[in-house]
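So that the names make sense, note that chain A is the first sequence line, chain B the second, and so on, each numbered from 1. Being a predicted model, the structure only gives us computed values, none of them experimental.
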2 protein chains.
Amino acid sequence: MARAGKDKLKEAPEKTTRIQEINRRLILDAALDIFSTYGFRGTTIDQIAERAGMSKPNLLYYFPRKQNIYVTLLEETLAEWLAPLAEIDAEGDPIEQLRKYITLKINMSETHPEASRLFANEVLHGAPAISDFLTKHLKPLVDEKAAVIRRWVGEGKLAPVDPYHLIFMIWATTQHYADFDVQVRAIMGSQVGRPGFKEQTAQAVLSIILNGIRPRG
Amino acid sequence: MARAGKDKLKEAPEKTTRIQEINRRLILDAALDIFSTYGFRGTTIDQIAERAGMSKPNLLYYFPRKQNIYVTLLEETLAEWLAPLAEIDAEGDPIEQLRKYITLKINMSETHPEASRLFANEVLHGAPAISDFLTKHLKPLVDEKAAVIRRWVGEGKLAPVDPYHLIFMIWATTQHYADFDVQVRAIMGSQVGRPGFKEQTAQAVLSIILNGIRPRG
DNA sequence: CTGCATTTTGACCAAGTAGTCAAGTTTTTG
DNA sequence: CAAAAACTTGACTACTTGGTCAAAATGCAG
């Protein structure tokens with residue numbers, strides 16, 4: 001694009017003012033709360049604006065379309081959500097690496113349940129806004145880690161398991177505690193809020209999965 | 001209210017005509033498709049009416065409110081969805097019973113993914129329409145089966161696992177294939193549709209969970 | 001066939017909601 | 001400190017959508 005040009009020649013000037021930074025953050029934080037609770041269609045711009053403490057036209061000054069807020073939010077959070085998977089170290093001890101991964105995921109489910117619900121809702125409805133991301137970024141990453149796990153199996157360091165199904169099981173189980181929180185609470189009652197609950201959950205999940213894939217024989 | 005009365009005195013006459021039966025079925029079938037795809041708020045009455053092949057006012061003749069269709073649908077499907085859990089036999093062999101349960105759940109995820117998604121969406125959004133059901137029917141049933149599993153553990157027939165977390169893991173893992181179908185497809189591609197896929201899934205899930213809870217030592 | 005009950009629908013209404021706009025206010029900058 | 005740029009908002013529009021209604025069409029019992 002622009003070659004040369006004077007100082008002032010701003011073409012796609014991405015300069016963000018202090019106020020912009022503050023308000024975009026305010027909006028996105030509010031939007032995460034609302035979208036994750038009510039879904040895309042169930043959320044109104046007015047709700048987000050109120051939660052963010054500004055008028056609707058003002059909000060629309062920063063994000064001209066409702067879709068923009070939603071997509072920005074998904075993009076912002078997806079990377080963070082996937083990060084733990086990328087950290088699985090092919091050179092580390094298999095059981096230790098998977099223990100670390102599962103623990104991280106359970107922690108995230110507890111500290112960022114809204115993010116989990118935002119994705120769950122999006123995927124449940126066919127992932128209209130992120131199907132590209134799924135095939136272009138998620139799949140390659142999963143393929144890579146699946147290859148690592150398959151190698152571990154080949155080396156006899158893990159029982160023979162299909163790596164993809166193992167990854168799905170870890171996702172499903174850990175995110176269940178965020179996505180189905182109401183159900184978990186309806187069944188386990190007051191235990192859920194209590195201090196040691198997360199540790200107890202981690203212990204149970206780790207115990208089953210790790211023993212399920214530990215080499216036998 | 002009215003006691004006695006002649007033959008013709010119909011009070012709360014639940015007589016359903018042939019046409020009523022046909023049309024209510026038509027509506028509910030259409031509604032399951034649409035609600036499970038777009039959620040409650042994301043679904044319009046017009047969409048359901050079109051899919052059911054009738055006019056909107058006609059649909060509203062059978063179900064005066066959108067809510068009515070939704071709630072009827074949930075009630076109709078919940079019982080069926082929970083049935084396999086009730087079948088776990090306290091007197092049977094633990095591993096065999098759980099193998100049967102998991103297999104049934106995986107089959108249901110494949111044959112009725114819409115039902116799974118309908119619940120997932122409802123629970124994800126805080127279960128506004130079924131929170132009563134969760135505490136009054138689901139919890140007691142789960143408590144009962146958890147007690148059975150706990151007894152099995154006590155008898156040394158299973159490794160020491162928390163029964164609630166085990167049940168959650170089974171739900172999460174099996175329903176994942178229905179609820180997150182797009183994601184599974186994005187990652188595993190054409191394999192998903194292929195004949196043996198369900199069996200391969202069942203094999204992987206059973207292998208990890210059953211080995212994870214088999215008594216050790 | 002006839003009259004009553006059931007079913008069906010076009011036209012309509014009211015509420016809710018995404019997005020616009022022009023006019024004001026505040027912040028930044030030369 | 002003045003002018004420009006950035007920001008803010010009340011009032012409004014266009015459209016979607018849940019639900020109504022009265023009148024027409026159909027089904028059915030005697």
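Regarding contacts with the backbone of C:dT6, every side-chain N or O of B:Gln20 stays at 4.0 angstrom or more from both OP1 and OP2. Note on B:Tyr61: a side-chain N or O is less than 4.0 Å away from OP1 or OP2 of C:dT7. A:Asn23 has a side-chain polar atom (N or O) that falls below the 4.0 Å cut-off from OP1 or OP2 of D:dT8. Between A:Thr17 and D:dC7 there is a side-chain N or O to OP1 or OP2 distance below 4.0 Å.
Nearest-nucleotide mapping onto DNA chain D: of A:Pro57 and A:Arg41, the residue sitting toward the 5' end is A:Pro57. Along DNA chain D, the nucleotide closest to B:Arg18 and the one closest to B:Leu60 are compared, and the more 5′ of them pairs with B:Leu60.
With rounding to whole Å, B:Asp46 atom CG is found 14 Å from D:dT20 atom P. As rounded to whole Å, 16 Å separates atom C1' of C:dG16 from atom OH of A:Tyr38. In this structure, B:Asn58 atom CG and C:dA11 atom C1' are separated by 16 Å, rounded to whole Å.
The residue A:Phe63 sits apart from the nucleic acid: no heavy atom pair falls under 4.0 Å. Counting any heavy atom pair closer than 4.0 Å across all strands shown, B:Thr44 reaches sugar-phosphate atoms only and no base atom. Backbone-only engagement by B:Ile45 is indicated by non-hydrogen atom pairs under 4.0 Å involving sugar-phosphate atoms exclusively.
Atom CZ of A:Arg18 sits about 11.0 Å away from atom CD of A:Gln20, to the nearest 0.5 Å.
A side-chain donor-acceptor contact under 3.5 Å links A:Gln47 to the backbone of A:Thr44.
Side-chain atoms of A:Lys56 and base atoms of C:dG19 include a donor and an acceptor less than 3.5 Å apart.
Within the 6.0 Å centre-distance limit, the rings of A:Tyr177 and B:His165 are counted as a close aromatic pair.
Just one of B:Glu114, B:Arg51, B:Glu50 meets the side-chain contact (heavy atoms from CB on, under 4.5 Å) condition when paired with B:Ile34; it is B:Arg51.
For B:Arg65, taking side-chain heavy atoms from C-beta onward, the closest of the listed nucleotides C:dT6, D:dG19, D:dA6 is D:dG19.
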